[in-house]
Amino acid sequence: MPTADRPQPPNRAQPTPRAEPTPRAEPTPRAWALVSAVAAPVAMIGGWTLAAALQDGFDPVRATISELATAAVDRPGVMTAGLLVTGAAHLVTAAGSRGVPLPGRLLLALGGAGTAAVGLLPVDRVPTAHAVAAGIAFGALALWPAAAARRRGARPLRPGVVLPTSAALLALLGWFVVELTGDGELVGLTERLVAGAQSVAPLALVVALRRAAAS
């Protein structure tokens, strides 16, 4: 006798393997942020170098940067312009530093605004306001790398990199404060060390982030 056809089990389509999600690229600082980051140390270091060269008998070891922007020197506009350009450059760098956490960018911008205010508020005319602006600028520019720390993501922003950077900037700032409140034999030198380092730090981070993204 013919046997009845047995019902065949339904075909079950093999599940289509899910495609691995494409990792999102880390945002990197814009190219114009690199330009502004270069402009900051050029304006700051170049400004005090040129202003001191134009002033006979100026002692950069014992005299502060602020003194180069007072009526006591021949061309105060040179250092004033250097401070204004440096402050504006920090503001532009903060705006274009994609990938850097917002707290760090805000502190960098605050440091830039404070630096510009130092230039607009000469120490010989408004000493108290000048001191406040300088304190804000120095403090913000020393702390912003630590505020930009990220545990994940680009290596240049890891705590092991940015925290020691802030620690070094704070140490230089502390040395300057000691000289400023002490005998002042090295007050000009220490101020130039901390101001120069703070002007270079944003450039170092922008370059490191762009290189990390390109590798």
Kindly say whether [Y] contributes a backbone atom to a donor-acceptor pair with the side chain of [X] at under 3.5 angstrom?
{"X": "Arg62", "Y": "Leu186", "value": "no"}
{"X": "Thr70", "Y": "Ser66", "value": "no"}
{"X": "Arg150", "Y": "Gly99", "value": "yes"}

Side-chain heavy atoms under 4.5 angstrom apart, residues restricted to Ile, Leu, Val, Met, Phe, Trp, Tyr: same cluster for [X] and [Y]?
{"X": "Leu107", "Y": "Leu209", "answer": "yes"}
{"X": "Leu106", "Y": "Leu157", "answer": "no"}
{"X": "Leu110", "Y": "Leu170", "answer": "yes"}
{"X": "Ile65", "Y": "Val126", "answer": "no"}
{"X": "Val35", "Y": "Val206", "answer": "no"}

Might you point out which heavy atoms bring [X] and [Y] nearest each other, and give the distance in Å?
{"X": "Arg210", "Y": "Leu34", "result": "NE-CD2, 4.2 Å"}
{"X": "Pro101", "Y": "Ala147", "result": "CB-O, 4.3 Å"}
{"X": "Ala40", "Y": "Ser199", "result": "CB-O, 4.0 Å"}
{"X": "Glu67", "Y": "Val73", "result": "O-CG1, 3.4 Å"}
{"X": "Pro122", "Y": "Ala69", "result": "CB-O, 3.9 Å"}
{"X": "Ala43", "Y": "Thr86", "result": "CB-OG1, 3.5 Å"}

If I take atom [atom1] from residue [X] and atom [atom2] from residue [Y], how far apart are they, to the nearest 0.5 angstrom?
{"X": "Arg125", "Y": "Leu120", "atom1": "CZ", "atom2": "CG", "result": "11.0 Å"}
{"X": "Thr80", "Y": "Leu121", "atom1": "OG1", "atom2": "CG", "result": "10.5 Å"}
{"X": "Asp74", "Y": "Phe58", "atom1": "CG", "atom2": "CZ", "result": "12.0 Å"}
{"X": "Leu193", "Y": "Leu189", "atom1": "CG", "atom2": "CG", "result": "4.5 Å"}
{"X": "Glu191", "Y": "Leu173", "atom1": "CD", "atom2": "CG", "result": "10.5 Å"}
{"X": "Thr64", "Y": "Met79", "atom1": "OG1", "atom2": "CE", "result": "10.0 Å"}

Is any side-chain heavy atom of [Y] closer than 4.5 Å to one of [X]?
{"X": "Leu203", "Y": "Thr93", "result": "no"}
{"X": "His130", "Y": "Val118", "result": "yes"}
{"X": "Leu83", "Y": "Met44", "result": "yes"}
{"X": "Leu172", "Y": "Thr190", "result": "no"}

Are more than 12 heavy atoms from other residues, nucleotides or ligands located less than 6.0 Å from atom CZ of Arg158?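 Count over threshold, so yes.
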Does CZ in Arg155 sit with more than 12 non-hydrogen atoms of other residues, nucleotides or ligands closer than 6.0 Å?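 Not buried by this count: 12 neighbours or fewer within 6.0 Å.
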Using distance alone, with no hydrogens and no angle criterion, decide if His90 and Thr115 have a side-chain donor and acceptor under 3.5 Å apart.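 Judged by distance alone, the side chains do not pair up.
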Option from Val100, Val162, Leu108 for which side chain to side chain contact (heavy atoms under 4.5 Å, CB included) with Pro145 holds: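 Result: among Val100, Val162, Leu108, Val162 is the only option passing the side chain to side chain contact (heavy atoms under 4.5 Å, CB included) with Pro145.
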Selection residues 154-200 - residue pairs positive for ring-ring contact (aromatic ring centres under 6.0 Å, His included), sequence neighbours left out: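 Listed by first then second residue: Phe138-Phe176.
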